[in-house]
Structure formats: structure tokens, C-alpha cells
Chemist: 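First the structure, then my questions, so here it is.
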Amino acid sequence: MIEALNTLSSWTPYLIGGFSKNIAIALGAMLIGTLLGGLLAVLKFSRHRSIRQITDAVISFFRNVPTLVILFYLATLIPNEISAFGDSMVLYFSPALKASLALASSPLGFTAWNLHSAMISWKKNDHRAALLFIPNWMTAFIVTMLASSVSSLVGVDELVGRSNTVIGATDTHLMVPIYLNAMLYFFGFCYLSNWLVQSIKQRISQRLGT
């Protein structure tokens, strides 16, 4: 037990650095997913039936395809760098960026579906239902944050990947406490985030009535 605590203590800065990448990946995924999902939510109001049907099909796709599948496809299909305008500009796609793009599929589908409903509620003057999109969006962020733990499967140097590095650099019999430590990082972050979500929901209910 003492050996495990000493090991975790000495590697804590390294592990925190990995966890910060999980947060960055999740935030990037939410940004991409929210922007694209917001566009789809607006397109659902189109007067053209064909546009609405295509939009619904795209939303359905991203709501039902497993994130892990998209992650492996993007990691395989997108090269690490792409030359544009000849060789005058090079676009770099790091494993972390690919992970954010893949994980964006879930918030994209969530935003497109729920923001559209929120906009309808707002038009009906049901402001409470509309504003509940905000804490629900934060809940989607928590889910995305948890999903970021699979990023290590495509070479992202995040918390789980760094935990594996620590296990390899120390001793395999410390595997359980090291993984439990990683779980505590996610649990603590998500617990505090969930507390904030509930607090926002209560404030919305208090201000606009139940």
C-alpha cells in the first residue's frame, strides 16, 4: 500500500498532465459537435422537405453509430498531415485532434436533436424547457469526458495511456491501484460537474417556476 502511494505521488504531475489532455479532447469534441449540431438544428426548420429529410438522416447516423467505430475509422483514414495549396500550407492532424473529431459525433447528435426542441419551446414561450438545454448540454459533456478515456487506443497520450506507461515503468503488481487512481480522476471531475449541472437546473426552476 505504501509502495503504491509513493509511486502515485511521484507520478502525479505526469498523470495530471495526461488528464488535462482528456479535458482538452472533451472540450474540443463539444465545441465541434455543438457548432455542427447547431447548424443541423437550424436546418431542421427548413421549408424544403428534402433538406429536412437529409438532416434527420445525418442526425440519426451520428446518434446511433458507436463512437469507438468512428474513432478507429478517423485514426485510420485521416493522415497525420495534409498538404494544401501545393506545399505552401500543411494541416497537421494529431491523435488528440482525431479523437476530438470522433468524439464530436455524440454531442453533434445530441445538440442537433435537443437544441431544435429547445428552439421550438422558446418560440412557444416555454422558456424553462428551452433553458434546460444548458444543463443537459453539460451532462452531454460529462458523457464525452468519460468517453475520452478510449483515446489511448489510437495513441493519444492521455490519462489512461499515461497510467499504462507508469505501470510499464514500475511494476505490474501496481496495476490495480494505478487504474483505481485514474478512475478517481474521472469520478472527481464528473461528480463536481454533475453537482454544477444540478445546481443550474435548480436555479432555472426557481427563476422560471416548475
Side-chain angles (χ1 to χ4, degrees), residues 19-74 78 96-151 158 185-210:
F19 190 62
S20 67
K21 290 189 177 182
N22 288 95
I23 297 175
I25 289 170
L27 288 174
M30 291 302 296
L31 175 62
I32 297 169
T34 300
L35 292 176
L36 295 179
L39 176 60
L40 292 175
V42 173
L43 288 176
K44 282 177 65 66
F45 288 105
S46 175
R47 297 179 180 178
H48 301 283
R49 182 180 179 184
S50 58
I51 293 179
R52 295 198 305 270
Q53 290 177 334
I54 293 173
T55 301
D56 287 337
V58 173
I59 294 173
S60 179
F61 173 80
F62 284 108
R63 281 170 58 89
N64 294 288
V65 174
T67 301
L68 192 58
V69 173
I70 298 178
L71 180 62
F72 278 115
Y73 267 107
L74 291 183
I78 298 180
L97 177 57
K98 294 179 183 179
S100 289
L101 289 171
L103 293 175
S105 61
S106 178
L108 186 156
F110 167 85
T111 300
W113 188 268
N114 290 275
L115 182 58
H116 177 74
S117 299
M119 294 167 72
I120 293 175
S121 297
W122 189 269
K123 290 181 179 180
K124 294 179 179 180
N125 291 322
D126 188 358
H127 295 164
R128 177 182 177 276
L131 290 176
L132 282 176
F133 170 79
I134 297 173
N136 291 337
W137 181 90
M138 294 177 65
T139 300
F141 168 69
I142 295 174
V143 174
T144 303
M145 181 64 189
L146 292 173
S148 70
S149 61
V150 303
S151 302
E158 44 75 69
Y185 277 91
F186 282 103
F187 173 80
F189 183 90
C190 293
Y191 181 84
L192 291 175
S193 299
N194 187 63
W195 173 84
L196 181 60
V197 168
Q198 297 304 319
S199 177
I200 292 175
K201 282 186 176 181
Q202 290 178 2
R203 286 181 177 273
I204 292 174
S205 297
Q206 290 172 358
R207 286 182 176 273
L208 300 178
T210 56

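Computation of the quantities below employed the complete heavy-atom set of this structure, encompassing side-chain atoms and omitting hydrogens, waters and symmetry-equivalent molecules.
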Chemist: Holding to side chain to side chain contact (heavy atoms under 4.5 Å, CB included), I want the full list of residues that pass it with Y73, two or more places apart in sequence or in another chain.
Modeler: V69, L77

Chemist: Quick test of your reading: applying side-chain hydrogen bond (donor to acceptor under 3.5 Å, both in side chains), list the pairs with at least one residue in residues 30-39, sequence neighbours left out, ordered by first then second residue.
Modeler: T34-W137

Chemist: Could you pull out the closest heavy-atom pair between T144 and A29, with the gap in Å?
Modeler: CG2-CB, 3.9 Å

Chemist: If you measure from CG on L36 to CD1 on I59, what distance do you get to the nearest 0.5 Å?
Modeler: 11.5 Å

Chemist: Please name all residues satisfying ring pair (Phe, Tyr, Trp, His ring centres under 6.0 Å) with Y191, sequence neighbours left out, ordered by chain then number.
Modeler: F187

Chemist: With V143, which residues qualify under side chain to side chain contact (heavy atoms under 4.5 Å, CB included), at least two apart?
Modeler: none

Chemist: Do L27 and F141 touch side chain to side chain, with heavy atoms closer than 4.5 Å?
Modeler: yes

Chemist: Got a second to check how far I142's CD1 is from L192's CG, nearest 0.5 Å?
Modeler: 10.0 Å

Chemist: Nearest 0.5 Å, please: how far is OG in S148 from CD1 in I25?
Modeler: 6.0 Å

Chemist: Can you find a pair of side-chain heavy atoms, one from E158 and one from F19, that are under 4.5 Å apart?
Modeler: no

Chemist: What salt bridge (charged side-chain N to carboxylate O under 4.0 Å, His left out) pairs are there with at least one residue in residues 45-55, not counting sequence neighbours?
Modeler: none

Chemist: State, with a plain yes or no, whether a side-chain heavy atom of N22 is found less than 4.5 Å away from one of Y185.
Modeler: no

Chemist: Quick one: does L103's side chain get under 4.5 Å of M30's, heavy atoms only?
Modeler: no

Chemist: Tell me the side-chain hydrogen bond (donor to acceptor under 3.5 Å, both in side chains) pairs involving residues 106-116, sequence neighbours left out?
Modeler: none

Chemist: Rounded to the nearest 0.5 Å, how far apart are CG of L132 and NZ of K201?
Modeler: 7.0 Å

Chemist: Do F72 and P66 come close enough that some side-chain heavy atom pair is under 4.5 Å?
Modeler: no

Chemist: Please identify each residue that fulfils ring pair (Phe, Tyr, Trp, His ring centres under 6.0 Å) with F61, with sequence neighbours left out.
Modeler: none

Chemist: Under the salt bridge (charged side-chain N to carboxylate O under 4.0 Å, His left out) rule, what pairs show up with a residue in residues 20-44, not counting sequence neighbours?
Modeler: K21-D157, K44-D56

Chemist: Going by salt bridge (charged side-chain N to carboxylate O under 4.0 Å, His left out), name the pairs with one or both residues in residues 96-123, residues two or more places apart or in two chains.
Modeler: none

Chemist: OG/S199 to CG/N194 distance, rounded to the nearest 0.5 angstrom?
Modeler: 11.0 Å

Chemist: So, taking the atom named CG in L43 and the one named CG in L39, what distance separates them when rounded to the nearest 0.5 Å?
Modeler: 4.5 Å

Chemist: Would you indicate whether the side-chain heavy atoms of S46 and T55 approach each other to under 4.5 Å?
Modeler: no

Chemist: Which pairs pass salt bridge (charged side-chain N to carboxylate O under 4.0 Å, His left out) with one or both residues in residues 185-199, sequence neighbours excluded?
Modeler: none

Chemist: My understanding is that only residues two or more places apart in sequence, or in another chain, count here; which of them pass side chain to side chain contact (heavy atoms under 4.5 Å, CB included) with I134?
Modeler: L131

Chemist: Is L31 close to S100 at the side-chain level, that is, under 4.5 Å between some pair of heavy atoms?
Modeler: no

Chemist: Verify whether the ring centers belonging to F62 and F110 lie closer than 6.0 Å.
Modeler: no

Chemist: Under the side chain to side chain donor-acceptor pair (under 3.5 Å) test, which residues partner S105, sequence neighbours left out?
Modeler: none

Chemist: Could you check whether any side-chain heavy atom of I32 comes within less than 4.5 Å of a side-chain heavy atom of L108, counting everything from C-beta outward?
Modeler: no

